[in-house]
Engineer: 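Quick one: structure below, then a few questions.
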Amino acid sequence: VQRAMNRAFEQASPTEPREFPPVNVYVGADEYVVQAALPGMKADSLDLAVTGETLTIKGAREPDTLGAEERYHRQERGYGQFVRSVKLPSHVDVNGVEAQYAKGLLRVTLPRAAETKPRKIPLRSGN
């Protein structure tokens with residue numbers, strides 16, 4: 001019964017993010033790119049760290065300030081501290097990691113470690 005309920009919930013909202021922030025991860029020939037949607041946050045309130053093959057994003061979302069006569073009719077955006085760890089397919093070169101934050105979108109570029117990149121092996125012909 002529990003499995004059926006979980007499956008029904010997942011089908012009812014397949015695009016609903018389960019963790020914050022929602023992320024996309026792209027794999028390129030030389031790098032991984034992680035994009036995270038963090039609307040309304042300030043860059044200096046974010047903390048990024050890379051350990052092995054894991055990128056960790058930490059931060060805190062501040063609550064809205066309501067006036068004395070205001071109250072919520074509906075509140076769907078949460079606030080408070082968050083931590084999101086993203087496991088990458090392999091190790092990265094931590095010295096080459098770059099991060100940009102603009103218009104609510106964090107973009108972290110993580111170069112793949114040299115040992116994880118495919119290596120072309122020259123073929124010698126023997127006569």
Side-chain angles (χ1 to χ4, degrees):
V1 173
Q2 184 64 41
R3 282 188 195 162
M5 290 181 68
N6 289 344
R7 197 169 26 254
F9 179 78
E10 289 171 6
Q11 291 172 351
S13 59
T15 60
E16 185 70 26
R18 305 228 188 277
E19 297 184 66
F20 184 85
V23 299
N24 289 341
V25 180
Y26 304 93
V27 179
D30 295 322
E31 64 194 15
Y32 304 115
V33 176
V34 177
Q35 290 183 322
L38 294 156
M41 298 211 47
K42 296 178 181 171
D44 60 1
S45 69
L46 298 172
D47 183 29
L48 308 175
V50 177
T51 304
E53 34 193 68
T54 303
L55 169 67
T56 302
I57 305 167
K58 294 181 184 180
R61 294 191 294 176
E62 299 298 322
D64 296 328
T65 304
L66 300 179
E69 300 295 319
E70 297 176 318
R71 63 181 175 82
Y72 283 105
H73 167 71
R74 182 180 192 123
Q75 182 181 13
E76 295 181 1
R77 291 186 308 127
Y79 60 89
Q81 294 184 348
F82 65 87
V83 176
R84 178 76 193 264
S85 292
V86 178
K87 178 106 167 134
L88 301 167
S90 63
H91 282 73
V92 300
D93 175 7
V94 295
N95 295 320
V97 175
E98 295 181 359
Q100 300 170 340
Y101 181 71
K103 297 183 180 179
L105 186 64
L106 172 67
R107 179 183 173 93
V108 185
T109 304
L110 306 111
R112 292 173 59 178
E115 65 272 9
T116 69
K117 296 178 188 177
R119 188 175 141 234
K120 184 161 176 89
I121 301 170
L123 181 64
R124 297 185 304 212
S125 73
N127 293 2

Engineer: For Leu105 and Leu38, run side chain to side chain contact (heavy atoms under 4.5 Å, CB included): C-alpha distance rounded to whole Å, both residues' side-chain angles, the deciding distance at 0.1 Å, then the answer.
Structural biologist: CA-CA 6 Å; Leu105 186 64; Leu38 294 156; over 6 Å; no
Engineer: Between atom OG of Ser45 and atom CD of Gln81, what is the distance when rounded to the nearest 0.5 Å?
Structural biologist: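 If I round to the nearest 0.5 Å, the distance is 11.0 Å.
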Engineer: Cationic tip of Arg61 within the cone over Phe20's six-membered ring, i.e. under 6.0 Å and within 45° of the normal?
Structural biologist: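 Yes, Arg61 sits over the ring of Phe20.
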Engineer: With rounding to the nearest 0.5 angstrom, report the OH to CG distance, Tyr72 to Leu66.
Structural biologist: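 Separation between the atoms: 4.5 Å.
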Engineer: Establish whether Val83 and Val108 are linked, either directly or via other cluster members, by ILVMFWY side-chain heavy-atom contacts under 4.5 Å.
Structural biologist: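 No, it is not one cluster - the side chains of Val83 and Val108 are not joined through contacts under 4.5 Å.
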Engineer: Looking just at side-chain N and O atoms, do Thr54 and Ser85 make a donor-acceptor pair shorter than 3.5 Å?
Structural biologist: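 Judged by distance alone, the side chains do not pair up.
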Engineer: Restricting to non-hydrogen atoms, name the atom on Pro21 and the atom on Ala37 that form the minimum distance, rounded to 0.1 Å.
Structural biologist: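 What the structure gives for the nearest pair is CB-O, 3.3 Å.
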Engineer: Asp93: what forms a side-chain contact (heavy atoms from CB on, under 4.5 Å) with it, not counting sequence neighbours?
Structural biologist: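 Only Asn95, Pro111 meet the side-chain contact (heavy atoms from CB on, under 4.5 Å) criterion with Asp93.
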Engineer: Quick check on Gln75: does its CD atom have over 12 non-hydrogen neighbours (other residues, nucleotides or ligands) under 6.0 Å away?
Structural biologist: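 Atom CD in Gln75 is packed in, count exceeds 12.
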Engineer: Check this for me: does any side-chain nitrogen of one of Arg84 and Glu19 sit under 4.0 Å from a carboxylate oxygen of the other?
Structural biologist: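 A salt bridge is present here (some side-chain N lies under 4.0 Å from a carboxylate O).
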Engineer: Under 4.5 Å between any side-chain heavy atoms of Leu46 and Met41, yes or no?
Structural biologist: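 Yes, close enough: below the 4.5 Å cut-off.
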Engineer: With the side chain counted from C-beta on, respond yes when Val34 and Asn24 share a heavy-atom pair under 4.5 Å apart, and no when they do not.
Structural biologist: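 The answer is no, as the side chains (C-beta and beyond) never meet within the 4.5 Å cut-off.
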Engineer: If I take atom CD from residue Glu53 and atom CZ from residue Arg112, how far apart are they, to the nearest 0.5 angstrom?
Structural biologist: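 Answer rounded to 0.5 Å: 12.0 Å.
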Engineer: Just wondering, are more than 12 heavy atoms of other shown residues or ligands nearer than 6.0 Å to CD in Glu98?
Structural biologist: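 Not more than 12 within 6.0 Å, no.
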Engineer: With a 4.5 Å heavy-atom cut-off, do Val33 and Val25 have their side chains touching?
Structural biologist: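 No, too far: nothing below the 4.5 Å cut-off.
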Engineer: Judged by modelled atom types alone, do Tyr32 and Thr109 share a side-chain donor-acceptor pair under 3.5 Å?
Structural biologist: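 There is no such pair (donor and acceptor under 3.5 Å, judged by atom type) between the side chains of Tyr32 and Thr109.
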Engineer: Does Tyr26 belong to the same Ile/Leu/Val/Met/Phe/Trp/Tyr cluster as Leu106, with side-chain heavy atoms less than 4.5 Å apart forming each link?
Structural biologist: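 Unlinked, Tyr26 and Leu106 end up in two clusters.
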Engineer: In Å, rounded to the nearest 0.5 Å, how long is the span from CG of Leu48 to OH of Tyr101?
Structural biologist: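 Taking CG in Leu48 and OH in Tyr101, the distance rounds to 11.5 Å.
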